[in-house]
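Comments concern the structure below.
The chain is numbered in sequence order, starting from 1.
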Amino acid sequence: NLRGADLAGADLSGANLSGANLSGATLSWADLRYAQRSDGWMFLLVRSNAGLILTAGCRRFTDLESARVHWKTTRAGTALGEESLAIVDHLERMAKIAGWLA
């Protein structure tokens, strides 16, 4: 439970935060972006030395396109599938804003 934790400047590149409660946590300057799906699944995008890593529940992707392919294949035409793709798009945009992607 990281509720209210100050993670400013933390290097979370090797952390497994699936299932973590991040409500109220200070994440400014941490190499992490996150979003929560309507069913409670946390999507965490971490910048590491090896590149971006996206985790969502028990899933782990080393590139965003693989995540998109996964949800298009497994959840095509469902609300959770569309929401998952929207979250991946959002996290990609946030990574660009942070300067992690060109």
Side-chain angles (χ1 to χ4, degrees):
N1 182 354
L2 297 171
R3 183 182 180 117
D6 183 356
L7 300 174
D11 178 2
L12 301 170
S13 59
N16 178 355
L17 298 174
S18 57
N21 178 356
L22 296 171
S23 60
T26 301
L27 298 169
S28 59
W29 300 106
D31 286 346
L32 167 76
R33 300 295 180 265
Y34 71 98
Q36 186 170 2
R37 200 168 65 184
S38 62
D39 63 352
W41 271 43
M42 292 295 296
F43 284 59
L44 307 168
L45 185 66
V46 178
R47 182 176 67 162
S48 73
N49 291 337
L52 297 180
I53 299 169
L54 175 67
T55 60
C58 62
R59 308 270 184 246
R60 186 172 190 268
F61 305 96
T62 55
D63 65 87
L64 298 177
E65 191 53 36
S66 294
R68 288 184 179 100
V69 167
H70 169 75
W71 280 294
K72 287 177 184 177
T73 303
T74 63
R75 299 273 190 250
T78 68
L80 286 179
E82 291 302 313
E83 187 178 359
S84 298
L85 292 171
I87 289 171
V88 172
D89 291 344
H90 167 72
L91 292 174
E92 180 177 49
R93 180 69 180 130
M94 298 309 295
K96 286 180 181 176
I97 290 169
W100 300 354
L101 295 171

State the [atom1]-[atom2] distance between [X] and [Y], to the nearest 0.5 angstrom.
X     : Y     : atom1 : atom2 : result
Arg33 : Leu54 : CZ    : CG    : 13.5 Å
Trp41 : Thr55 : CH2   : OG1   : 10.0 Å
Leu64 : Asp89 : CG    : CG    : 9.0 Å
Thr74 : Leu80 : OG1   : CG    : 10.0 Å
Leu44 : Arg60 : CG    : CZ    : 11.5 Å
Arg75 : Glu82 : CZ    : CD    : 12.5 Å

Where do Leu52 and Leu101 land on the side chain to side chain contact (heavy atoms under 4.5 Å, CB included) test, with the steps shown first?
-> CA-CA 9 Å; Leu52 297 180; Leu101 295 171; 3.7 Å; yes

Expected output: side-chain Glu83 to main-chain Ser38 donor-acceptor under 3.5 Å |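 Confirmed, Glu83 side chain pairs with Ser38 backbone.
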
Hphob cluster co-occupancy, Trp71 + Met94, side-chain heavy atoms under 4.5 angstrom |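 The answer is no; the residues belong to distinct hydrophobic clusters.
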
Common cluster, Val46/Met42, ILVMFWY with side-chain heavy-atom separation under 4.5 Å |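 Same hydrophobic cluster.
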
More than 12 heavy atoms of other groups within 6.0 Å of Arg68 CZ |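 Yes, the 6.0 Å shell around CZ holds more than 12 heavy atoms from other groups.
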
Are side-chain heavy atoms of Phe43 and Ser84 found at a separation under 4.5 Å?
->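 Sidechains of Ser84 and Phe43: in contact.
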
